[in-house]
Structures are given as structure tokens and as C-alpha cells.
Amino acid sequence: MSFVQHSLIIVGLMVVLGTFKPWGSDGDVPDQPQATVAERSPNEVSGAEAAKPVSAALPLRLQRALDFVSRRYRVAPEALVPVFEAAQTVGRERRVDPLLIIAIIGIESRFNPFAESVVGAKGLMQVIPGYHLDKVPQGAGEQPFLDPVTNIQVGVHVLEDAIRWRGSLTAGLQHYGGAPDDPETRYANKVLAEKERLEQAARRGPAARA
């Protein structure tokens with residue numbers, strides 16, 4: 001009997017007896033890997049996602065709007081939470097609809113807190129520091145216009161002044177957007193159309209995930 005034949009007979013006996021271990025194995029049964037998202041059923045995936053609210057501090061209306069904004073502007077939900085929370089807080093304090101604030105942010109900076117325009121407007125709501133330093137709250141830090149919360153506070157204050165001065169929301173928005181004399185009110189229309197999209201998202205809930 002050759003050496004190969006002899007070896008095969010021994011391996012066969014070990015398999016029958018249950019004592020054979022493949023090369024490189026320590027004999028332990030490996031842990032079964034958890035199913036990946038691709039392997040899980042749609043119901044399991046959606047259920048897991050639904051169990052993770054974006055922010056407990058936000059009402060459902062704003063959570064739904066946040067979900068819409070995350071998709072529309074391709075911004076991580078976690079990065080949007082402080083923006084939405086600030087919009088909610090400042091909106092409540094100043095009696096301004098948070099969705100109007102969010103709409104302006106979307107139009108002005110696309111939710112980039114470090115955005116800067118060619119004329120020097122900075123941050124989420126594109127506030128021009130040289131014109132609005134008097135509106136910065138005390139203790140706001142060295143770069144207040146790049147801080148999301150401070151930027152929203154100042155931006156809403158500017159918007160309020162514009163609405164009060166111009167006499168209406170549309171005229172105030174035009175002033176805020178730097179186009180008070182535009183007879184077609186294009187800036188205001190753009191902001192209000194974005195606000196309407198946010199309101200629709202807030203009413204119907206998050207869109208189905210691809």
C-alpha cells in the first residue's frame with residue numbers, strides 16, 4: 001500500500017469518527033456572522049432604522065423635514081441635528097417658523113456652515129459681518145458667524161428687521177436676499193417654494209429609502 005493510499009484511509013476514518021480537523025483550524029466552531037444589510041429583509045432594515053430617531057429634542061414634523069433635507073442636500077442627518085435644533089429654539093424665541101429658517105439656509109448655503117460668498121457673507125444664513133456685528137450675542141466666540149447657532153440667531157434677527165422695515169414677508173425676504181427692487185420677487189419665491197417642499201415632507205413623513 002502506498003503512502004498516499006495509507007494517508008487517505010486514515011483521514012477517512014477520522015472523518016467517520018468526527019475527529020478530523022481541516023488544516024489551519026483550531027477545532028472551534030466559528031461564530032456565525034451577523035447578516036449584512038443586503039442580506040436582511042426590507043422589513044428588518046426599515047424596522048431598525050425606524051427605531052433610531054434622529055433627535056429626541058425635535059418634534060416629528062422637524063424630524064421628517066430633516067430627513068428630506070438630508071436627502072435633498074446630501075448632508076448626514078447627524079450634521080443637520082444642531083442646525084434644526086437651533087432653528088427650532090430661535091424660531092420659538094423670535095416667533096418665526098423654523099421651516100422658514102431652514103428654507104433660507106438651504107437657499108443661502110446649502111447647509112454648509114463655513115460657506116462664504118464673494119461679498120463676504122458667511123455661514124449658514126450668509127450674514128455679512130460688517131453690517132451686523134451689533135446683533136452678535138455676548139460670549140459668541142472669536143468666529144461667531146461661522147458658529148451655526150450664532151449665525152442662525154443673527155440671521156433671524158436680520159430677517160425680522162427686514163420684514164418689519166419692508167412691511168411684509170415677501171418684501172422682507174427680498175431685502176434679506178439683497179434684491180429689494182426685483183419686481184418678480186425671485187428670491188422670495190425661491191425661499192417660499194423651498195419652505196413649501198419642507199412642509200410637504202413634514203406632513204407626509206420620510207420618503208421610502210432606495
Side-chain angles (χ1 to χ4, degrees), residues 37-38 40-117 121-127 137 140-141 143-160 162-163 169-170 172-173 176-177 187-210:
V37 172
R40 289 152 59 193
S41 70
N43 290 337
E44 290 175 326
V45 174
S46 60
E49 290 172 344
K52 297 179 181 178
V54 174
S55 170
L58 294 174
L60 183 58
R61 172 174 179 255
L62 290 185
Q63 289 190 38
R64 289 170 171 171
L66 188 152
D67 182 82
F68 168 79
V69 167
S70 176
R71 298 171 189 284
R72 178 167 169 78
Y73 293 93
R74 298 184 180 181
V75 179
E78 295 81 3
L80 292 171
V81 168
V83 176
F84 272 70
E85 290 180 345
Q88 176 184 231
T89 300
V90 176
R92 183 185 297 123
E93 292 172 353
R94 313 296 296 192
R95 296 184 180 180
V96 176
D97 188 343
L99 292 185
L100 176 62
I101 300 171
I102 295 299
I104 293 174
I105 292 172
I107 299 302
E108 290 288 341
S109 66
R110 299 186 65 86
F111 298 90
N112 177 5
F114 306 112
E116 182 171 359
S117 75
K122 295 179 182 290
L124 291 172
M125 295 189 74
Q126 290 292 277
V127 179
Q143 298 289 339
F145 294 97
L146 298 183
D147 173 69
V149 175
T150 302
N151 191 278
I152 291 173
Q153 289 174 327
V154 175
V156 171
H157 194 166
V158 173
L159 176 65
E160 279 186 307
I163 294 171
L169 173 60
T170 297
L173 284 170
Y176 187 94
Y187 178 82
N189 292 342
K190 188 183 296 185
V191 170
L192 294 175
E194 182 69 359
K195 181 173 179 286
E196 176 60 27
R197 284 188 284 269
L198 290 167
E199 290 174 344
Q200 290 177 2
R203 287 193 296 267
R204 68 171 176 257
R209 295 182 181 270

query: If you measure from the Lys or Arg side-chain nitrogens to the Asp or Glu carboxylate oxygens, is any gap between Glu194 and Arg110 under 4.0 Å?
result: no
task: Working to the nearest 0.5 Å, report the span between OG1 of Thr89 and CD of Glu93.
output: 6.5 Å
Distance in Å, Gln153 CD paired with Arg94 CZ, rounded so as to fall on 0.5 Å steps: 9.0 Å
message: Contact between Leu124 and Glu108 at the side-chain level, heavy atoms closer than 4.5 Å - yes or no?
response: no
query: Does Tyr73 OH have over 12 foreign heavy atoms under 6.0 Å away?
result: yes
- prompt: Can Tyr176 and Gln126 be said to form a side chain to side chain donor-acceptor pair (under 3.5 Å), step by step?
  reply: CA-CA 10 Å; Tyr176 187 94; Gln126 290 292 277; over 6 Å; no
message: Any non-hydrogen side-chain atom of Thr150 less than 4.5 Å from a side-chain atom of Phe145?
response: no
field: Interatomic distance, Ile102 atom CD1 to Ile107 atom CD1 [nearest 0.5 angstrom]
entry: 12.0 Å
- prompt: Tell me, do Asn189 and Leu173 make a side-chain contact under 4.5 Å, heavy atoms counted?
  reply: no
task: Taking the side chain as every heavy atom from C-beta outward, state whether Leu159 and Leu100 have any atom pair closer than 4.5 Å.
output: yes
message: Could you check whether any side-chain N or O of Gln88 sits under 3.5 Å from a backbone N or O of Leu62, counting only pairs where one atom can act as donor and the other as acceptor?
response: no
- line: One should read off an interatomic distance between Ile105 CD1 and Asn112 CG, to the nearest 0.5 angstrom, of 11.5 Å
task: For Ala79 and Val75, work out which heavy atoms get closest and say how close.
output: CB-CG1, 4.1 Å
field: Under 3.5 Å: donor-acceptor pair, side chain of Ser70, backbone of Ala76
entry: no
query: Is Ile101 close to Val96 at the side-chain level, that is, under 4.5 Å between some pair of heavy atoms?
result: yes
field: Donor-acceptor contact below 3.5 Å, side chain Asn151 vs main chain Val127
entry: no
task: Please round to the nearest 0.5 Å and tell me the distance separating atom CD of Glu85 and atom CG of Leu66.
output: 9.5 Å
- line: When every non-hydrogen atom of Pro98 is compared with those of Ala87, the smallest separation belongs to CB-O, 3.8 Å
- prompt: Should Lys195 and Glu199 count as an ion pair when the cut-off is N to O under 4.0 Å?
  reply: yes
- request: State, yes or no, whether a side-chain contact exists between Val149 and Pro82 at a heavy-atom distance under 4.5 Å.
  value: no
task: Write down the atom of Leu198, the atom of Phe68, and the distance for their closest heavy-atom approach.
output: CD2-CD2, 3.7 Å
- request: Go through the steps for Ile104 and Tyr187 under the test side chain to side chain contact (heavy atoms under 4.5 Å, CB included), then give the verdict.
  value: CA-CA 10 Å; Ile104 293 174; Tyr187 178 82; 3.9 Å; yes
query: Are any of the side-chain heavy atoms of Leu192 and Leu169 separated by less than 4.5 Å?
result: yes
query: Between Phe111 and Leu80, which heavy-atom pair has the shortest distance, and what is it?
result: CD2-CD2, 3.7 Å
